[in-house]
Every structure is written in C-alpha cells, then in structure tokens.
Student: 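Below you'll find the structure I mean.
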Amino acid sequence: MTGDDETLLLLSAYIDGELSPGEVLAMERRLAAEPELRATADRLRDLSASLRETLPGAPAPESLRGRVVQTIGFVDAAPDRNGSGSWRALAATLVFGIAVGAAIGGGAVYRDQQGAAPTTSEAVLASHLRGLAAPQPFDIASSDGHVVKPWFNGRTLLAPDAPDLADQGFPLIGGRIDIVAGKPVPTLVYRHDRHVISVTVVPATAGPPEGEERRDGSTILRWNAGDLTYWVVSDLNARALRSFIDLFQSRTTRQG
C-alpha cells in the first residue's frame, strides 16, 4: 500500500468518524497544514452527503412491522383464485410503508397531508433523530471549534462559535448541516457519556425567548442570544441539559 493510499483510507475513516481520538487529532493537524489534503476532505464530505441523500436508508426492523400490523389489525391471508389475498397484502404493505415513513420522518407524512410545514422544534427534533440513526451524528468530526466553525462558512448563512466543553464532561465531537424552514442551518454536536446533544442555530424570530418541551423521549430547549436562536435537543435529563446550556452560554459569551 502506498502512502497516498494509506492517507486516503485514513481520511475516509476520519470523515466517517471511525478514527480514535488520537488519530483524529493527528489528522486535524495534517488538514490544517496541507491545503490539498483539506480540499480532498471537502470533496469526500460532499460525495458522502450526496450518497446519503441518494441511497435508501436501512430497512425497518421486523419489530416495527409487528407493531404496525397489530395497530391496523391486519392478518396475512392465503392467496385465493381471484387475487383478493394479494390485494390485501399490497394494501397492508402500502400502509406499512406509510407508517414507517412517518416513524422515520418525525410525522412528515401526516403533516404533508395536512398541508402544514413542520415547526422549528419539530424540524430540529427530526434532524437530531436522523443524526442518531446515521452511522455518525455529524458531517465533520472534530473536537476543535476553530475547525468546526469555519467549516460552516459557505455552507450555511451562520457560522456559530463552537466551544469544546470536554473539561466539564461535554466534549465537542463535530458539526453537521440540518434543514429548518427549507434553509441549511448549522448544528453543533456534543456528547455526554453515551448521550448526543445537538445544538442548532437559526436566525432569531419573534416569540418566547426561552422554552422547554419533551417529545419522543427527548428534551428540547431554546433561547435567544442577540439575533440568534439556539435549539438544543438530547435525551439527557433536563437538569444535565441545563448544566450543558449554562456552560455553553458562558463560553460563547466569553468568546463573543
């Protein structure tokens, strides 16, 4: 294997979040020092994002089919001569597909039928859950805010500060681009033990400055800071999530 081949393999593993922390730091030093390698990394990330949008997702587990079948009361029927059994199977398959789409998309099928766009809280929650279902919850893997923040330049309208809170048990692990109200927005990704924390930043809008809600086992909190609104989503308990927010606010205020 040549040195170029080995570098390409390491770079691919870095983008896929498969390197150890030490290897990540070593690769980030190389990316900072080698413009050509950094350009190759950007091309690989764009290719990876395109493939994720094009290729089908993982198949739904059989347990989900069982819950759907139990809910709609469908029982597989033996095929008959006039094909009615096949028609029932097709109908059940269509219903199952719609139910799976609703489960994965955070209720998007229902909302489309109602002609209503998802709210911001629904959009950030759906993006957080999609991140958890993906091979890794970020598009760029890095614990360095000076790498994550400029990565958003040219990709989103905002490039928020990305403080690393590892010294307090909340390490920065990367960033990704989510879609809210039809626009790409930056999301910072943190971790606490085995819990993932998504911090999505959007332009401030009219409404309550702060809020908290629970949905699908996740806590969603928001606050305004100047002309920005921060949305935080995690399955952490509310108390721990509040501690994270206090730390995040103190570090971003200090940086600003």
Student: Can you tell me how far apart CG (L236) and CZ (R194) are? Round to the nearest 0.5 Å.
Tutor: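 It is 13.5 Å, given to the nearest 0.5 Å.
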
Student: Applying side chain to side chain contact (heavy atoms under 4.5 Å, CB included) to R155 and D139, what does each step give before you reach the verdict?
Tutor: CA-CA 12 Å; R155 292 180 170 88; D139 296 327; over 6 Å; no

Student: What residue pairs, at least two apart or across chains, pass side-chain hydrogen bond (donor to acceptor under 3.5 Å, both in side chains) with a residue in residues 230-239?
Tutor: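 Residue pairs with at least one partner in residues 230-239: H195-D235.
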
Student: Can you tell if the side chain of M27 reaches within under 4.5 Å of the side chain of L37, non-hydrogen atoms only?
Tutor: yes

Student: At what distance, to the nearest 0.5 angstrom, does CG of L129 lie from CZ of R215?
Tutor: 11.0 Å

Student: Looking at every heavy atom in both A159 and N153, which two are closest together, and how far apart are they?
Tutor: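 Here A159 and N153 meet closest at CB-OD1, 3.3 Å.
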
Student: Can you list the steps and then say if S127 with R130 is a side chain to side chain donor-acceptor pair (under 3.5 Å)?
Tutor: CA-CA 5 Å; S127 296; R130 280 195 296 270; 3.2 Å; yes

Student: Within a reach of under 6.0 Å around CG of L132, are more than 12 heavy atoms found that belong to other residues, nucleotides or ligands?
Tutor: yes

Student: Does the side chain of V232 reach to within under 4.5 Å of the side chain of I197, using non-hydrogen atoms?
Tutor: yes

Student: Taking only residues two or more places apart in sequence, or in another chain, which ones meet Q168 in a side chain to side chain donor-acceptor pair (under 3.5 Å)?
Tutor: none

Student: Could you go step by step and tell me if V202 and K183 meet the side chain to side chain contact (heavy atoms under 4.5 Å, CB included) rule?
Tutor: CA-CA 10 Å; V202 301; K183 298 180 180 179; over 6 Å; no

Student: Between atom CG of L11 and atom OG1 of T40, what is the distance when rounded to the nearest 0.5 Å?
Tutor: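 The OG1 atom of T40 is 7.0 Å from CG of L11, to the nearest 0.5 Å.
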
Student: In terms of hydrophobic clusters joined by side-chain contacts under 4.5 Å, are I177 and L228 together?
Tutor: yes

Student: Identify the two heavy atoms, one from V147 and one from S142, that lie closest to each other, and give their separation to 0.1 Å.
Tutor: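 In terms of heavy atoms, the two residues are closest at CB-OG, 3.6 Å.
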
Student: Please list all pairs passing the salt bridge (Lys or Arg N to Asp or Glu O under 4.0 Å) test where one or both residues lie in residues 167-180, with sequence neighbours left out.
Tutor: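 Every salt bridge (Lys or Arg N to Asp or Glu O under 4.0 Å) pair that includes a residue of residues 167-180, provided the two are not neighbours, is D167-R251, R176-D178.
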
Student: Report the residues that fulfil salt bridge (Lys or Arg N to Asp or Glu O under 4.0 Å) with R38, sequence neighbours left out, ordered by chain and then residue number.
Tutor: none

Student: Any side-chain heavy-atom pair from E212 and L241 closer than 4.5 angstrom?
Tutor: no

Student: Are V196 and V189 close enough, and set up right, to give a side chain to side chain contact (heavy atoms under 4.5 Å, CB included), and what steps lead you there?
Tutor: CA-CA 7 Å; V196 172; V189 186; 3.8 Å; yes

Student: For the residue pair Y190 and P163, what are the closest heavy atoms and their distance?
Tutor: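 The pair with the smallest heavy-atom distance is OH-O, 2.6 Å.
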
Student: Excluding sequence neighbours, so at least two apart, what forms salt bridge (Lys or Arg N to Asp or Glu O under 4.0 Å) with D246?
Tutor: none

Student: In Å and rounded to the nearest 0.5 Å, what is the CG to CZ distance from L188 to F152?
Tutor: 5.5 Å

Student: Shortest non-hydrogen contact from V180 to A123?
Tutor: CG2-CB, 4.2 Å

Student: Just wondering, do V199 and I245 contact through their side chains at under 4.5 Å, heavy atoms?
Tutor: no

Student: Within this structure, what is the CD1-CG distance for the pair I140 and L31, rounded to the nearest 0.5 Å?
Tutor: 8.0 Å

Student: Considering residues at least two apart in sequence or located in another chain, which fulfil the side chain to side chain donor-acceptor pair (under 3.5 Å) criterion with T229?
Tutor: N224

Student: When rounded to the nearest 0.5 angstrom, what distance separates CH2 in W223 from CZ in F248?
Tutor: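 Reported value, rounded in 0.5 Å steps: 5.5 Å.
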
Student: Within a strict 4.5 Å, meaning less than it, do heavy atoms of the I173 and Q136 side chains meet?
Tutor: no

Student: Does any non-hydrogen side-chain atom of T200 lie less than 4.5 Å from one of T187?
Tutor: yes

Student: Do H192 and L165 come within less than 4.5 Å of each other through their side chains, counting heavy atoms only?
Tutor: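 No - every pair of side-chain heavy atoms lies 4.5 Å or more apart.
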
Student: Which atom pair, heavy atoms only, marks the closest approach of P160 to K149?
Tutor: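 Here P160 and K149 meet closest at O-CG, 3.2 Å.
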
Student: Does P203 reach the side chain of D227, with side-chain heavy atoms less than 4.5 Å apart?
Tutor: no

Student: What is the minimum heavy-atom distance between V185 and T156, and which atoms define it?
Tutor: C-CG2, 3.7 Å

